[in-house]
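Written below as structure tokens is the structure these notes are about.
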Amino acid sequence: MNNIKPKTPDNNQPPASDNQPAVDNKTPAPNQKHLMFQKKYRQRYITFGVLLCFLVLYMFTGAITTEWRAMTHIDVANSVFIILNCLILCLVNYEILKLNGGDKWPIYTQIITYLLIIFLYILPVERVNEGYAPINFPFYTYANWGWLQNWLIFVIYLFVFLVYMVLILRGKDITFGKMFITFAFSIYMIFAFKAMTKFMLNPNFGWSSVLWLALIIILTDTFAFVGGVSYGKYKLAPNVSPNKTWEGAITGILVASAIVIAYAILMFKFTDQADGKWVFDFFSNDNSKNTMRYIIYVLLAIILSILSQLGDLSFSWIKRKYNIKDFSNLLPGHGGVLDRLDSFSLVFVVMFIISAILMK
């Protein structure tokens with residue numbers, strides 16, 4: 001019988017045990033996880049700081065156009081605000097194209113979509129009469145838009161849609177469904193920014209009206225989260241957004257509505273109305289209709305708060321349908337531009353329609 005010595009384990013590595021779990025080289029060590037967590041949230045906070053600075057600049061540029069409109073050359077700020085909106089819409093268009101594989105379309109096709117989204121944003125949505133532009137931007141005073149009839153606006157939008165159809169026929173990998181979704185999504189976001197521009201730059205509305213809408217969106221989201229975390233039990237839409245609850249949604253609606261209604265009433269009671277209207281003044285400061293005005297604010301605040309949450313859920317549904325976590329990584333730690341505009345878009349589009357019907 002051969003005298004065979006048993007193999008001794010390596011001094012640098014302890015012998016394996018049957019009860020010892022196998023080491024997974026792909027699993028990061030605890031220190032690595034901690035560093036990754038820190039890096040992620042550091043990135044998130046830096047992006048938040050940049051976004052906050054941009055938001056202040058964005059709101060300030062729009063607000064001074066109406067607040068200091070008597071100053072010489074103040075309309076430059078007006079144009080800057082519109083250019084900023086064009087830049088944001090270009091980023092939005094990039095994410096919409098990426099969603100449908102449009103980032104792989106021929107370069108000329110992509111360029112045409114960018115040009116069309118800017119053109120439709122700049123285009124008025126009703127005839128521009130001299131000295132009257134409640135639906136349009138003061139920017140239009142630099143151009144002669146008097147020829148633009150309401151029926152012609154419809155024809156222009158139809159023409160743009162036909163351009164999209166031509167792109168379908170010329171592209172090999174472009175389908176009607178993808179192009180239609182791209183077109184419809186783009187139109188939706190265009191009108192959201194038309195609403196923002198209309199409310200911010202028109203003296204009949206102004207920054208206070210924009211702030212009122214922004215407060216509805218922010219407070220609804222904040223208190224819906226607080227309510228859901230504190231005492232949420234019943235899922236609102238488990239297949240779309242598992243973390244949202246009915247308790248959180250109702251809390252967000254009630255708290256946000258109460259605060260913005262109080263804000264609107266205080267603006268009417270304690271500010272000078274001589275230079276313009278504040279917070280969508282529905283009855284041109286007719287004191288005999290104060291009761292009806294307050295009823296409208298209550299109803300509108302509740303409706304817009306609900307729409308804010310529906311906008312959030314609809315974008316979450318789109319992401320689940322396309323099996324993506326974020327629309328892009330343009331905003332590190334926060335996803336894409338569309339991820340930040342989900343609630344904003346639906347609230348502003350609906351308010352744009354309401355203002356076009358009731359507040360001409």
Side-chain angles (χ1 to χ4, degrees), residues 40-41 44 47-48 51 88-89 91-103 175 177-193 195 213-257 260 300-353:
K40 176 182 177 182
Y41 277 87
R44 186 178 179 89
T47 303
F48 175 77
L51 287 175
I88 297 172
L89 278 170
L91 297 177
V92 165
N93 190 58
Y94 164 76
E95 294 183 350
I96 294 173
L97 288 176
K98 188 173 181 290
L99 188 68
N100 291 294
D103 53 339
T175 64
K178 289 183 177 180
M179 187 60 85
F180 180 80
I181 291 172
T182 302
F183 178 77
F185 207 167
S186 298
I187 293 294
Y188 170 75
M189 294 306 301
I190 285 169
F191 273 87
F193 278 90
L213 295 177
L215 283 174
I216 292 175
I217 297 167
I218 295 170
L219 292 172
T220 298
D221 184 63
T222 301
F223 285 98
F225 174 78
V226 171
V229 171
S230 301
Y231 43 80
K233 292 182 179 180
Y234 298 97
K235 300 296 182 181
L236 178 63
N239 295 327
V240 176
S241 186
N243 294 327
K244 296 187 183 301
T245 64
W246 281 102
E247 293 86 350
I250 294 171
T251 301
I253 293 168
L254 294 178
V255 177
S257 298
V260 298
L300 196 58
I302 293 173
I303 291 171
L304 293 178
S305 182
I306 293 172
L307 289 175
S308 173
Q309 299 190 60
L310 288 177
D312 189 356
L313 287 173
S314 63
F315 275 51
S316 296
W317 178 82
I318 291 172
K319 288 189 285 187
R320 283 191 173 271
K321 184 174 178 63
Y322 282 88
N323 196 27
I324 56 174
K325 182 178 182 294
D326 298 310
F327 284 102
S328 75
N329 194 33
L330 289 175
L331 306 175
H334 290 261
V337 177
L338 286 171
D339 292 291
R340 301 277 69 87
L341 298 178
D342 45 11
S343 300
F344 154 86
S345 58
L346 186 57
V347 168
F348 273 76
V349 167
V350 171
M351 201 61 206
F352 182 88
I353 296 171

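All of these numbers come straight from a predicted model, not from anything done at the bench. The figures here come from the full heavy-atom set of this structure, side chains too, leaving out hydrogens, waters and symmetry mates.
Going from atom OG1 of Thr182 over to atom CG of Leu99 covers 7.5 Å, rounded to the nearest 0.5 Å. A distance of 13.5 Å separates CG of Asn93 from CD1 of Ile88, quoted to the nearest 0.5 Å. Taken to the nearest 0.5 Å, the OG atom of Ser345 stands 9.0 Å off from the CZ atom of Phe193. The structure places CG of Leu313 at 11.5 Å from CG of Leu307, a figure rounded to the nearest 0.5 Å. Atom CG of Asp326 sits about 9.5 Å away from atom CG of Leu331, to the nearest 0.5 Å. Annotation: the span from Ile181 atom CD1 to Ile96 atom CD1 amounts to 11.0 Å, rounded to 0.5 Å.
Ser230 places a side-chain N or O within 3.5 Å of a backbone atom of Val226 that can act as its donor or acceptor partner. Distance alone, capped at 3.5 Å, places no donor-acceptor pair between the Ser308 side chain and the Leu304 backbone. Checked by atom type and distance alone, the side chain of Lys98 never pairs as donor or acceptor with a backbone atom of Asp103 at under 3.5 Å. A donor-acceptor pair under 3.5 Å links the side-chain atoms of Thr47 to the main chain of Pro332, judged by distance alone. A donor-acceptor pair is defined here as one N or O able to donate and one able to accept, closer than 3.5 Å; such a pair exists between the side chain of Asp339 and the backbone of Gly336.
Between Ile217 and Phe344, the shortest heavy-atom contact is CD1-CA, 3.6 Å. A pairwise comparison of heavy atoms in Lys325 and Lys319 identifies O-CD, 3.4 Å as the closest pair. The shortest non-hydrogen separation linking Ser316 to Val240 is CB-CG1, 3.8 Å. Arg44 and His334 get closest at one heavy-atom pair: O-NE2, 3.0 Å. Between Arg320 and Ser241, the shortest heavy-atom contact is NE-N, 4.4 Å. The two residues Val337 and Glu95 have their closest heavy-atom pair at N-OE2, 2.6 Å.
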Item to check | Residue pair Trp246, Leu236: steps toward the side chain to side chain contact (heavy atoms under 4.5 Å, CB included) verdict | outcome: CA-CA 5 Å; Trp246 281 102; Leu236 178 63; 3.4 Å; yes

Checklist entry - Checking side chain to side chain contact (heavy atoms under 4.5 Å, CB included) for the pair Ile253/Gln309: CA distance, chi angles, key distance, verdict? => result CA-CA 9 Å; Ile253 293 168; Gln309 299 190 60; 3.3 Å; yes

Item to check | Worked check of side chain to side chain contact (heavy atoms under 4.5 Å, CB included) between Tyr188 and Val92 | outcome: CA-CA 11 Å; Tyr188 170 75; Val92 165; over 6 Å; no

Next on the checklist: Set out, in order, the CA-CA distance, both residues' side-chain angles and the distance that settles side chain to side chain contact (heavy atoms under 4.5 Å, CB included) for Tyr322 and Asn100, then state yes or no.
Outcome noted: CA-CA 9 Å; Tyr322 282 88; Asn100 291 294; 3.0 Å; yes

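Under the 4.5 Å side-chain criterion, counting only non-hydrogen atoms from C-beta, Ile216 is not in contact with Val347. With contacts defined as side-chain heavy-atom distances shorter than 4.5 Å, the pair Ser314/Asp342 does not qualify.
Sorted by first and then second residue, the pairs that involve residues 300-321 and meet ring-ring contact (aromatic ring centres under 6.0 Å, His included), not counting sequence neighbours, are Phe185-Phe315, Phe315-Phe327.
Side-chain contact check for Ser305 and Ser257: no donor-acceptor pair (N or O, by modelled atom type) lies under 3.5 Å.
Taking a 6.0 Å sphere around CZ of Phe48, one finds it holds 12 or fewer heavy atoms contributed by other residues, nucleotides or ligands.
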